[in-house]
Amino acid sequence: MLSVNGVVKSYRTGGVFSRERHTVLHSISFEWKPGERLGIIGESGSGKSTLGRLLIGIEKPDRGSVLFHGQNIGDPQVRRGRISAVFQDYTSSINPFYTVEQALLEPLKQQNTGRRESLEKIDLLLQQVGLEPSYRSKYPHELSGGQAQRVCIARAVVTEPECIVLDEAVSSLDGSVQFQVLELLQKIGDLYGVGYIFITHDIQAAAYVCDRVMFIRNGHIVETAETDQLKNVQSPYARALLQAVTP
Ligand SMILES: Nc1ncnc2c1ncn2[C@@H]1O[C@H](COP(=O)(O)OP(=O)(O)OP(=O)(O)O)[C@@H](O)[C@H]1O
């Protein structure tokens, strides 16, 4: 269980000595339950990525808390191996000096998994994400966008976390590759029982992957709906986003 309780986040505006702050998230509260695939949808600048960084504990809220099974997600011990992330920019997400195998071994080393077990896991995982065994020795610059994002997904799942936070994970990919990666997420979710928090501006991608979606606007949650009830959303914002993609 991940619980977000009255989270407020602001950033300084103006120069280093400025006292002015811009509030990006206003008292955000919600819960994510294990196994759930929750979408967070919003337009550019709505605060989605900021929320994503708070959810994986790499930024701290000004007020409120993000708790993973009751413990502060900001503590690396609490999140290690249990929550992971996939970002939009797959090229800079993988260390350019690491082969695919090294990139996948790294999180396993942090968990003190033995080398033989790790290599067996990597073999299976590469197969599951649709990459030939020969990809083990490839460097990021030798991969296409779709292949690199498959490696990022494999790396996010290798420690068998409870939750993967995906921030615009398919947005930089071409149409058909986007769809393949969305299908892969479905498959990996089913195989590993891992839950997702899928952050995106793309309501169709969210509806494809998620059971429930939350609409965020100007740092406020405006509505939450089960995916199969999306056509019944009430708020003008959610309706407008939905109408933009339905004929
Ligand atoms: N580190 C930061 N310092 C200052 N301002 C920031 C920082 N991160 C985000 N912001 C500001 O917070 C607001 C929300 O940004 P955020 O990236 O969270 O939105 P978003 O919904 O993910 O948008 P996009 O999809 O365009 O990335 C923006 O006005 C942005 O300029």
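Whatever order the structure lists them in is the order used to number ligands and atoms, beginning at 1.
- Between R53 and D167, no side-chain nitrogen of the basic residue sits less than 4.0 Å from a carboxylate oxygen of the acidic one, so the salt-bridge criterion is not met.
- Under 4.0 Å is where a charged nitrogen must lie from a carboxylate oxygen, and between K121 and E160 at least one such pair does.
- The ligand atoms of ligand 1 that sit less than 4.0 angstrom from a heavy atom of T50 are 9 (C), 15 (O), 16 (P), 18 (O).
- Protein heavy atom in closest approach to atom 20 (P) of ligand 1: G45 N, 3.5 Å.
- Judged by distance alone, the side chains of Q128 and Y192 do bring a donor and an acceptor atom under 3.5 Å apart.
- Closest protein heavy atom to atom 25 (O) of ligand 1: K48 NZ, 3.1 Å.
- By the 30° and 60° cut-offs, the orientation of the rings of H220 relative to H26 is parallel.
- Salt bridge annotation for D228-R212: absent, with no cationic side-chain nitrogen under 4.0 angstrom from a carboxylate oxygen.
- For atom 27 (O) of ligand 1, the closest heavy atom belonging to the protein is S49 OG, 3.8 Å.
- Not a single heavy atom of E59 sits closer than 4.0 Å to an atom of ligand 1.
- Put simply, no part of G42 is less than 4.0 Å from ligand 1, judged by heavy atoms.
- Distance CG/L173 to CZ/F179: 13.5 Å, rounded to 0.5 Å.
- For R12, the closest heavy-atom approach to ligand 1 does not fall below 4.0 Å.
- Of the protein's heavy atoms, none falls inside 4.0 Å of atom 30 (C) of ligand 1.
- Side-chain contact, E168 with H201: a donor N or O sits under 3.5 Å from an acceptor N or O.
- Annotation: atom 19 (O) of ligand 1 to nearest protein heavy atom, G47 N, 3.3 Å.
- Of all the heavy atoms of E43, the ones lying under 4.0 Å from any atom of ligand 1 belong exclusively to the backbone.
- When hydrogens are left out, the protein atom nearest atom 26 (O) of ligand 1 is S44 OG, 2.5 Å; that is the closest non-hydrogen contact.
- No part of R21 comes within 4.0 Å of ligand 1, judged by heavy-atom distances.
- Only the side chain of V24 comes within 4.0 Å of ligand 1, judged by heavy-atom distances.
- Atom-to-atom distance recorded for Q71:CD and S65:OG is 12.5 Å, nearest 0.5 angstrom.
- Set against the non-hydrogen atoms of R53, the atoms of ligand 1 under 4.0 Å away are 8 (N), 9 (C).
- For R12 and E20, the salt-bridge test fails: no basic side-chain N is under 4.0 Å from an acidic carboxylate O.
- Here the NZ-CZ distance, from K48 to F215, works out to 12.5 Å after rounding to the nearest 0.5 Å.
- For ligand 1, the atoms lying closer than 4.0 Å to a non-hydrogen atom of Y11 are 1 (N), 2 (C), 3 (N), 4 (C), 5 (N), 6 (C), 7 (C), 8 (N), 9 (C), 10 (N).
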